[in-house]
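Scroll down for the structure; my scribbles are underneath it.
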There are 2 protein chains.
Amino acid sequence: MSTAEETAGGEAQAWGEVTPDAARRLLIAAVEAFAERGYHATTTRDIAGRAGMSPAALYIHYKTKEELLHRISRIGHEKALEILRTASRREGSATERLADAVSSFVRWHAGGRTTARVVQYELESLGPDARAEILALRRQVDGEVRGIIEEGARSGEFDVVDVHGTTLAVLSLCIDVARWFNVDGPRTPEQVGELYADLVLRMVGAQGPTA
Amino acid sequence: MSTAEETAGGEAQAWGEVTPDAARRLLIAAVEAFAERGYHATTTRDIAGRAGMSPAALYIHYKTKEELLHRISRIGHEKALEILRTASRREGSATERLADAVSSFVRWHAGGRTTARVVQYELESLGPDARAEILALRRQVDGEVRGIIEEGARSGEFDVVDVHGTTLAVLSLCIDVARWFNVDGPRTPEQVGELYADLVLRMVGAQGPTA
DNA sequence: GACCACACTAAGCGCTCGCTCACCTTCGGC
DNA sequence: GCCGAAGGTGAGCGAGCGCTTAGTGTGGTC
């Protein structure tokens, strides 16, 4: 009924770990509002309103507006990290694992665009402590992708001049999907994921199924 | 002396067209503040303070805070478009022109990161009319890159499955440089430009100097 | 030297923000 | 059937926001 439930749609189940129910509703409302307007342009009254509650109710479940962003950001980064770890640790060649990592990472950014936007672009609105915690998670994200690329380069499967720079570019490409992806656009998250996996394999000079 | 003059540094000359002097100082101060904190988190008092003026002085030169963002965004997009047009219209193969376009576009995003951040990431803070005007410029930006890729694909110089999607990815890759590039990091804008030009040529399957 | 256009400031208006507080309702345990 | 805890509300506080207004200093014109 509420905008929260509609928009979140398939994204909502990701927040199952958040309890009690009112706290989850507030969190989902905050994700939407932050994604639409940005953290600073969102008011606590707006968040509470989307969740169907009074402004004061927010402060029963969260100490500050920033705590909401912090919680969203941590859960989101943990999810992103989990996706990459799954792809990175499966069996198969570096080519297969990189393609898997990129396509699933991109699917998450496109399909869960609302969440991904907040996670990827509102980082700087966090205070120093919270930001530091999130940055540690981001370094792990980087590490997963770099690991696959390094392995492929070492084995000769890939042809990469600058492993670090290429890793940066691959991640950047995937993350930026959250900025431009349009749910009403011509492409499904799956299609973008496939396209991007192909493009990334070209970037690292994988010899396999691309040529 | 002021933070404005320091940080803007080499970027400042780009605002030469803005007169009178006080209006330019305010604009440069706004670019910095918007880039650091985001549009909504920046106060008019902060902008005026950076420019060494009282809060009221801002309203002599600009009608609203949003007009500042609008002006910055338009000038920035025009500059970006000019860069791509120059690369697109020079002589040479599609490969050479795409490499030129990407490397100069990336150099602009990395070297002028302060400006580029505002231009690329604060678009949604504009009102409907201003946003529509800027979006028209962005479509022209897209068109320039797509033109080169289309040409290379048609002549057989490139091997591209999805021209539209690849264009999107190339632009996305370049634009996102403004988000992660760090002036104190290990790479110069020139180095990132070169790396990215190489990566993009791989993405479009250019046969030339990459293989 | 009277005049005015211009650039600028000090003070502050009306508003909305994040957040608090006093109070209310519901409900399981005994 | 009374009680305390948990979860909620309406009203509103202090602060800071975007922006305005009345007044000041300055430089060019005749």
Side-chain angles (χ1 to χ4, degrees), chain A residues 1-2 4-5 15 18-34 36-73 118 122 124-131, chain B residues 1-2 4-5 15 18-34 36-73 118 122 124-131:
Chain A
M1 204 60 55
S2 79
E5 291 166 34
W15 306 109
V18 181
T19 53
D21 185 69
R24 181 171 51 248
R25 270 160 49 219
L26 284 164
L27 201 95
I28 294 173
V31 168
E32 285 176 25
F34 292 162
E36 265 177 42
R37 308 208 212 302
Y39 175 77
H40 286 292
T42 298
T43 69
T44 54
R45 285 164 176 81
D46 182 22
I47 297 170
R50 284 174 192 251
M53 305 168 90
S54 75
L58 195 153
Y59 294 92
I60 295 165
H61 300 283
Y62 301 95
K63 249 172 38 197
T64 62
K65 176 178 150 186
E66 197 196 315
E67 193 192 326
L68 270 166
L69 178 60
H70 185 188
R71 283 265 242 278
I72 293 165
S73 201
V118 179
E122 300 293 340
E124 310 214 336
S125 301
L126 287 170
D129 292 354
R131 179 155 63 235
Chain B
M1 203 67 51
S2 78
E5 292 166 32
W15 306 110
V18 181
T19 54
D21 185 69
R24 182 171 51 249
R25 270 159 49 217
L26 284 165
L27 200 95
I28 293 173
V31 169
E32 287 177 23
F34 292 162
E36 266 177 40
R37 310 206 211 302
Y39 175 77
H40 286 292
T42 299
T43 69
T44 53
R45 284 162 176 83
D46 182 22
I47 297 170
R50 283 174 193 250
M53 305 170 89
S54 76
L58 196 153
Y59 294 93
I60 294 164
H61 300 283
Y62 301 94
K63 250 175 32 198
T64 61
K65 175 178 148 186
E66 196 194 317
E67 193 192 326
L68 270 166
L69 178 59
H70 185 189
R71 283 265 241 279
I72 292 166
S73 201
V118 178
E122 299 294 340
E124 309 213 337
S125 301
L126 286 171
D129 292 354
R131 179 156 61 235

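No experiment lies behind these values; they were computed from the predicted model shown. These values consider heavy atoms only, across backbone and side chains, with no hydrogens, waters or symmetry-generated copies. Each chain gets a letter, A, B and so on, in the order the sequences are listed, and its residues count up from 1.
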Any side-chain heavy-atom pair of B:L126 and B:Y39 under 4.5 Å:
no

Please collect all salt bridge (Lys or Arg N to Asp or Glu O under 4.0 Å) contacts where either partner lies in residues 39-49 of chain B, sequence neighbours excluded, each pair once.
B:R37-B:D46, B:D46-B:R50

So, for A:T64 and A:Y59, which heavy atoms are closest and what is the spacing to 0.1 Å?
CA-CE2, 4.2 Å

Find the distance B:R24:CZ to C:dA7:P and express it as a whole number of Å.
14 Å

The salt bridge (charged side-chain N to carboxylate O under 4.0 Å, His left out) partners of B:D21 (sequence neighbours excluded) come to B:R24, B:R25

Distance in Å, A:I47 CD1 paired with A:I28 CD1, rounded so as to fall on 0.5 Å steps:
13.0 Å

Rounded distance in Å - CG (A:D46) to P (C:dT16)
14 Å

B:D21 has an atom CG; how far is it from atom C1' of C:dA7, in whole Å?
12 Å

Sequence-aligned protein contact record of nucleotides 9-20 of chain D, with B where the base is within under 4.0 Å of a protein heavy atom and S where only the sugar-phosphate is
BB-B----BBBB

